[in-house]
Protein chains: 2
Amino acid sequence: MRSNIKDVAKLADVSISTVSRVLNSPNLVAEETRDKVFKAIAELNYTPNALARGLIHKRTQTLGVLIPDISNLFYAEILRGMEDTAHRLDYNLILCNTDNNKPRLLASLKVLKEKQIDGLIFTSEPIYPDYNELFQQLQIPVVLAATHSLEFEIPSVKVNDEQAGFEATEYLIRNGHRRIGMIAGSMMDPVTAVPRLQGFMRALRTYNIEADYETCVQNGNYRFEDGYEAMGRLLQKSPDLTAVFASSDERALGAISYCHEHGIKVPDDLSVIGFDNTRLAVMCFPKLTTIAQPLYQIGQLAVEKLDNLVQGKQVGELRTYIAHELVERQSVAKI
Amino acid sequence: MRSNIKDVAKLADVSISTVSRVLNSPNLVAEETRDKVFKAIAELNYTPNALARGLIHKRTQTLGVLIPDISNLFYAEILRGMEDTAHRLDYNLILCNTDNNKPRLLASLKVLKEKQIDGLIFTSEPIYPDYNELFQQLQIPVVLAATHSLEFEIPSVKVNDEQAGFEATEYLIRNGHRRIGMIAGSMMDPVTAVPRLQGFMRALRTYNIEADYETCVQNGNYRFEDGYEAMGRLLQKSPDLTAVFASSDERALGAISYCHEHGIKVPDDLSVIGFDNTRLAVMCFPKLTTIAQPLYQIGQLAVEKLDNLVQGKQVGELRTYIAHELVERQSVAKI
DNA sequence: CTGAAAGCGCTTACAG
DNA sequence: CTGAAAGCGCTTACAG
């Protein structure tokens, strides 16, 4: 049997109040008593029960994290930042994969609430009105990571996707490219896919490049395979492209893979720029020029923000837009 | 304020016992009463407090997971299997990165115990005697995932690394290779690195291939960069190699990256076989021939095993060795 | 400096 | 079928 505070009290021949004090404010206890208690604790290998504590303090030092799919490196790197920060700030993380599946999200939210998490981090998905409603019902602080909401007042940490999309495209243009395609995400996703596309289009306009949306943009889901297929469609419609902006590293790798298999040399025949800068970007060939999102930091800031809210402090900026950066490697050629 | 069972009882004009019954054994309650209670619950948006419940039942439906580094795709894919299974079996997972850092491990273990997790999954690292001691002190079931212990009786799920290493090497041999090198892990790791190396050596012996350990094996850590460097050292010592067994996909990609940058064609000039079959293996070029570990399944089985133990059932096999599989892709040439 | 008591939010025999 | 009471393992005023 696991020992409890009573066992310790009995063994040390003091009251449970005293044991509790030794644990929580040892300087209120006489040294002699303290030592007796410490000895008993050690002997019994006693650890306080956080459930009982949590019940009293209405704090669990546990945060919930909702993530679409942890086996995606993008989320894994963000999560690493969250976990390190949580550990530093004395929280634990309960991880729930949502799989972009609403019933599962609802179920997770329910048990997270029951388990009395102090706060919630919601990652990456757009915030629909019913989600906002759910967050309200939780009655605990919520922070958005790698997503945001313009309609609702929810603290968030993310990159400026429109600007990043602009810069990725501009970089291609400055390298001499004029016939540029894009592998975009799903147009159902207003927080990430649409802004990156808008940035792309703005860059084309800014540099007076005419482009036919129908032929130069292909949408794909977020996985490697989708990038592969989108690349195929793109080249079929616009065979004369010299560069492609793939709006995630995985999509970029899919696109490059397509090129490899069809005898198209990257970057000699076709330049590719990615987005995210997951570790994928350096492990592939050619190494990927890409827009770096500070993934670790996004996770870190999200947890720090949530911690402030949990402690009842101000959150600082409501919506934080963290700086991205273009990382030059070998997948884009100057022409 | 969050509502509690008393609020519900008051609003429904019943005792808290009745509210509790409605929640836990509704058929013991008269329909009329039940409806009143349900109405009150809905009106107050009441959710039971799992801390209070856990205190009574001595069960939290929460499992601890210790993982070296979640931003490594290998662990991320295992974790995905764990999380899906946990969700199905009605558990949540508290994730702790250990970072191969002992103080952090100790700290995590301490709070996991305090938070009354029902069981623990320990991933990947070898089990030293002091770790075993710690597990004992936890007084809760522990399952090992992607590692095992031969000295201690701890349930585990992993692949047979020696045999897998043998088969990877044998595959190279059967494809005509005789001058084969290996990029191995650290020889401090008896559970994964050493067996794979042993399998490699056994294959060479079996096929009567003489090899000088000093020149044909290079050790590297588990990351991409280590594979890159190990490849450099390997080719310097044994420039005539026609094939390399890299004992992880990341190491393999590092090795291939070295080749790309030094004008060595894979697989035309040099064949490379990997190990793990993370999603990396298909996203790179050339696509990697590799030993597939069923990562998702390892996570799944580990959680199922742990669930059995938590429920006081038998665990079945103590040490489960799950089947691996060689996946042929494009990084190995027949010569 | 220390202990007895109330209370956190529940569940579960025990009565009725 | 329903309620009062004890108890899960703690903390924290309140007395002394």
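Values in this document were obtained by computation on a predicted structure and should not be read as measured data.
Between B:His57 and the phosphate of C:dC10, there is no side-chain N or O to OP1/OP2 separation shorter than 4.0 Å. At D:dC10, none of the side-chain N or O atoms of A:Lys6 fall inside 4.0 Å of OP1 or OP2 (strictly under the cut-off). Taking only side-chain nitrogens and oxygens, B:Asn49 never comes nearer than 4.0 Å to OP1 or OP2 of C:dC10. An OP1 or OP2 oxygen of D:dG3 is reached within less than 4.0 angstrom by no side-chain nitrogen or oxygen of B:Ser17. Using a 4.0 Å cut-off, some side-chain N or O of B:Thr18 falls inside it from OP1 or OP2 of D:dG3. For D:dG9, the OP1/OP2 oxygens have a side-chain nitrogen or oxygen of A:Asn4 closer than 4.0 Å. Between B:Arg53 and the phosphate of C:dT11, there is a side-chain N or O to OP1/OP2 separation shorter than 4.0 Å. OP1 or OP2 of D:dG9 lies within a sub-4.0 Å distance of a side-chain N or O belonging to B:Lys58.
Looking at heavy-atom distances under 4.0 Å, A:Ser25 makes no contact with the nucleic acid at all. Using a 4.0 Å heavy-atom distance criterion, A:Leu51 is classed as making no nucleic acid contact.
Listed candidates were C:dC10, D:dG9, D:dT11. Nearest to the side chain of B:Leu55 is D:dG9. Distances were taken from every side-chain heavy atom of A:Ser20 (C-beta onward) to each of D:dG3, C:dA4, D:dT12; the shortest belongs to D:dT12. Nearest to the side chain of A:Thr33, among C:dC10, C:dC1, D:dC1, sits C:dC1.
The 5' end of DNA chain D is approached more closely, in terms of each residue's nearest nucleotide, by B:Ile16 than by the other of B:Ala52 and B:Ile16. Along DNA chain D, the nucleotide nearest B:Ile56 and the nucleotide nearest B:Arg21 are compared for position; the residue whose nucleotide lies closer to the 5' end is B:Arg21.
Heavy-atom minimum distance, B:Leu120 versus B:Leu306: N-CD2, 3.6 Å.
The pair B:Glu83-A:Arg104 meets the salt-bridge criterion, with a side-chain N (NZ, NE, NH1 or NH2) lying under 4.0 Å from an Asp/Glu carboxylate O.
Counting to the nearest Å, the P atom of C:dC10 and the NZ atom of B:Lys10 are 13 Å from each other. Between the C1' atom of D:dC8 and the CD1 atom of B:Ile5 lies a distance of 15 Å, rounded to the nearest Å. With rounding to whole Å, B:Asn24 atom CG is found 12 Å from C:dA13 atom P.
Judged purely by distance below 3.5 Å, without hydrogens or angles, the side chains of A:Asp69 and A:Ser71 pair a donor atom with an acceptor atom. There is a side-chain donor-acceptor pair under 3.5 Å between B:Tyr296 and B:Asp84.
Taking the six-membered ring wherever Trp is involved, the centroid distance between the rings of B:Phe135 and B:Phe122 falls below 6.0 Å.
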